[in-house]
Amino acid sequence: MTVVNNTVSGSDVGIQRQAGNLPYTANTNIDGDQTNKVDEYFGRGNSPSVCAVVRNNTLSLNGVNTRDIGPVNQPAPGLNTVTNTTTAAAFCSIQSAIDAAATLDGHTLNLSAGTFRENVVVSKSLTLVGASRDTTILQPVLPGECPPFDCTDPIIVMTAAPIVALRNLTLDGDNPTISGTVNYNGANPDAGFGVAGNVPNLSLRSLTVDNLRVKNTKFVGIGPTYLQPYTITNSIFENIAEVAIVGEGDGLINTNTFTGNKQAIIIFGGNTLVSNNTVISSSIGIQASAGLDHAVTLTNNTISACTGGTIGISAWQVSTEPMQINANRISGCAEAIVLYGTEQMTRPTLVTNNEIDGAGLASSQGIVVKARTEGSVSAAPNSAIVRNNTLTNVNRAVVVERSSGVTNTVVISANAFLNTTVDGVVLTGSGPSAVSAQLNWWNSASGPTTAANPGGSGVTVSAGVVFSPWLCSGTDTSLAIGFQPDLTACSAPGSLATTAGTPQSATINTAFGTNLQVTVRDLNNNPIAGVLVTFTAPVSGASGTFPGGATTVTATTDAAGVATAAVFTANGTLGSYTVVASVENVATTASFALTNTAAVYTQFLPLVMRSN
């Protein structure tokens, strides 16, 4: 029993805890005296001990505010028992064990199998350990009607406790003896929170959770933590109506399972590692914000079947330390990974080695780089490196949002766009952007489909994205998660440079002595054969012509990657100029510095000899 938040005034006794009269033996004819006792009231009752927690009551003008008759908070045979492993004292409730004067910081309380119905306030550094996760169950006795993130009635609340550890317990927010006002997925949650800290104090408190099941709460499973550090491992979160874990400060969230929660994980700031978790059927799997000078890593998590097909991972950072989203598997989400921009961003978010499957959802998007902050329409810059990911069966693989006044800088490299993916890299909105998408597998050896790549039959790429060179194979060279390709470019030139013919000069109206020559190489600096090179001379002023009087001519590279232009002849205008060599889809060009000079004439005069 819990007696809490009452006002008692003007009574002989305000609150009395009273055991039954002895002797009494359960299941026998030995019964206690049932008559009233003088000045002790209510003799009726057979309980050998009264189990009642009295706290937060207002008592005034009573003859006696509180009084205990007989054994108080001692366990009865066959009923729930809490044992202090240091003092060996046994109690009938968790709260009475915590409140006992002999229970000190550092003690461990062992909870027997059974259902404990109480709201527990932990005000000491303690470890609470159940018999097993499936058999030791805590349920609330007070309905949590408070608003989100300001709840005084969680199942377990930590006040001034510096260190708290919870192991092998089930925290069930749905007490069937209480009629709550919320229905969620068939449950009737009564507790607002499973575990919460109620005073922000990052330097004094920490929480360790292992092997818990937390389910059926109105708002949050664990958190807001206000804790540093916190560790939550090997636990199960089910049917949380808002967010399963809200973490603030340094934390580790590892090897947990989340099923049927509205949102699984929200973290704010702190050096945080979220790893090896499984999230099923949440509207948002993981929402992460990296605070100043804090590093956040989200790795090896599996997120599937987003409720309503919403977001797998949502992230933004204002940190000078990296945010890494690495080696996660995300499927069945309308947007697998969404990155928001911030004015404070100083380094790119790293999105690497993830496996994303749109599972055929209409309008699904793999990785979205926003040009605004989360929940805002105001423009904000963004920066990301997207590398070694596989994106399968998504409508759009990578989307880069543009907005006037900000520039999104995104490097997209060594990714594989597979199966029914339609668009590889898409630019939306209008405004500046710097997007490089070289060395990706576009689901075809011919490269992406775009006007700038005639003959390309792979997934599409927006105009303005640098896509060449691309990969010639989608074969993954490793069994590791993500995409580890053979980085040999697919007959796609990466650079060209002059080999011969610059600088040089020729007399007007005569041919230059050395043919113009360039070498074309791929990104790995290997020469490429069969590349068409265009040589272009000025159309007016000092210049020259190729055969037939043309100012433009093409040549194809040989096995050594060398392209040699036809003979070039200076025109009749004196001066210096540049002939440019270029290759389609290669941003750089090669230049030849040429000069037309005047003809030099030699005059021979006759020699006249006279004799005198």
Side-chain angles (χ1 to χ4, degrees), residues 202 206-210 222-223 225 227-235 237 243-258 263-279 282 284-304 311-330 333 335-342 344-356 366-369 374 382-390 410-411 413-415 480-484:
L202 297 180
S206 68
L207 171 67
T208 298
V209 167
D210 184 66
I222 295 179
T225 54
L227 304 169
Q228 185 177 0
Y230 63 91
T231 300
I232 303 172
T233 57
N234 303 308
S235 295
F237 295 82
V243 188
I245 296 175
V246 178
E248 297 182 76
D250 294 351
L252 169 66
I253 303 173
N254 181 66
T255 319
N256 302 286
T257 300
F258 302 81
Q263 295 187 45
I265 300 170
I266 295 179
I267 58 174
F268 299 100
N271 296 301
T272 307
L273 173 62
V274 181
S275 59
N276 301 302
N277 300 286
T278 299
V279 180
S282 292
I284 298 178
I286 303 171
Q287 184 173 336
S289 170
L292 292 173
D293 303 321
H294 293 141
V296 172
T297 299
L298 315 177
T299 185
N300 287 302
N301 301 287
T302 299
I303 302 172
S304 62
I311 298 175
I313 294 176
S314 171
W316 66 99
Q317 67 161 321
V318 295
S319 177
T320 56
E321 298 299 319
M323 173 178 280
Q324 300 183 61
I325 303 173
N326 177 68
N328 301 284
R329 291 181 171 90
I330 306 173
C333 301
E335 295 177 314
I337 299 174
V338 179
L339 309 178
Y340 290 96
T342 64
Q344 298 84 4
M345 178 177 282
T346 60
R347 60 192 303 167
T349 301
L350 304 179
V351 182
T352 56
N353 297 299
N354 300 284
E355 293 183 355
I356 296 171
I367 300 168
V368 183
V369 183
E374 194 273 337
N382 209 339
S383 178
I385 295 175
V386 178
R387 183 178 294 143
N388 298 109
N389 304 282
T390 61
V410 186
V411 176
S413 177
N415 302 284
I481 186 172
F483 180 54
Q484 289 73 37

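As the structure is a prediction and not an experimental result, all values here were calculated from the model.
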After noting the C-alpha distance and the side-chain angles of Asn328 and Asn301, does the key distance pass the side-chain hydrogen bond (donor to acceptor under 3.5 Å, both in side chains) rule? CA-CA 5 Å; Asn328 301 284; Asn301 301 287; 3.1 Å; yes
How long is the span from the [atom1] atom in [X] to the [atom2] atom in [Y], to the nearest 0.5 Å?
{"X": "Ile245", "Y": "Ile266", "atom1": "CD1", "atom2": "CD1", "answer": "11.0 Å"}
{"X": "Asn271", "Y": "Asp250", "atom1": "CG", "atom2": "CG", "answer": "4.5 Å"}
{"X": "Asn354", "Y": "Ile325", "atom1": "CG", "atom2": "CD1", "answer": "7.0 Å"}
{"X": "Ser289", "Y": "Ile267", "atom1": "OG", "atom2": "CD1", "answer": "8.0 Å"}
{"X": "Asn353", "Y": "Ile481", "atom1": "CG", "atom2": "CD1", "answer": "7.5 Å"}
{"X": "Asn256", "Y": "Asn277", "atom1": "CG", "atom2": "CG", "answer": "5.0 Å"}

[X] versus [Y], closest heavy-atom pair with distance:
{"X": "Leu252", "Y": "Ser275", "result": "CD1-OG, 4.4 Å"}
{"X": "Gly285", "Y": "Ala264", "result": "O-CB, 3.0 Å"}
{"X": "Val296", "Y": "Gly270", "result": "CG2-O, 3.7 Å"}
{"X": "Phe258", "Y": "Ala244", "result": "CD2-CB, 3.6 Å"}
{"X": "Gly482", "Y": "Glu355", "result": "N-OE2, 3.3 Å"}
{"X": "Pro229", "Y": "Ser206", "result": "O-CB, 3.1 Å"}

Ring geometry between Tyr340 and Trp316 (parallel below 30°, tilted from 30 to 60°, perpendicular above 60°): perpendicular
Of [options], the residue whose pairing with [X] passes side-chain contact (heavy atoms from CB on, under 4.5 Å):
{"X": "Glu335", "options": "Ile330, Val368, Ile367, Ile356", "result": "Val368"}
{"X": "Ile265", "options": "Leu298, Ile284, Ile253, Ile313", "result": "Ile253"}
{"X": "Leu339", "options": "Val410, Val386, Thr349", "result": "Thr349"}

For the side chain of Asn415 and the backbone of Asn388, is there at least one donor-acceptor N/O pair under 3.5 Å apart? yes
Check: Asn254 main-chain N/O paired with Asn276 side-chain donor or acceptor under 3.5 Å: no
Would you check if Val369 and Val351 make a side-chain contact, meaning some heavy-atom pair closer than 4.5 Å? no
Are side-chain heavy atoms of Thr272 and Tyr230 found at a separation under 4.5 Å? yes
Between Asn326 and Thr352: side-chain donor-acceptor atoms closer than 3.5 Å: yes
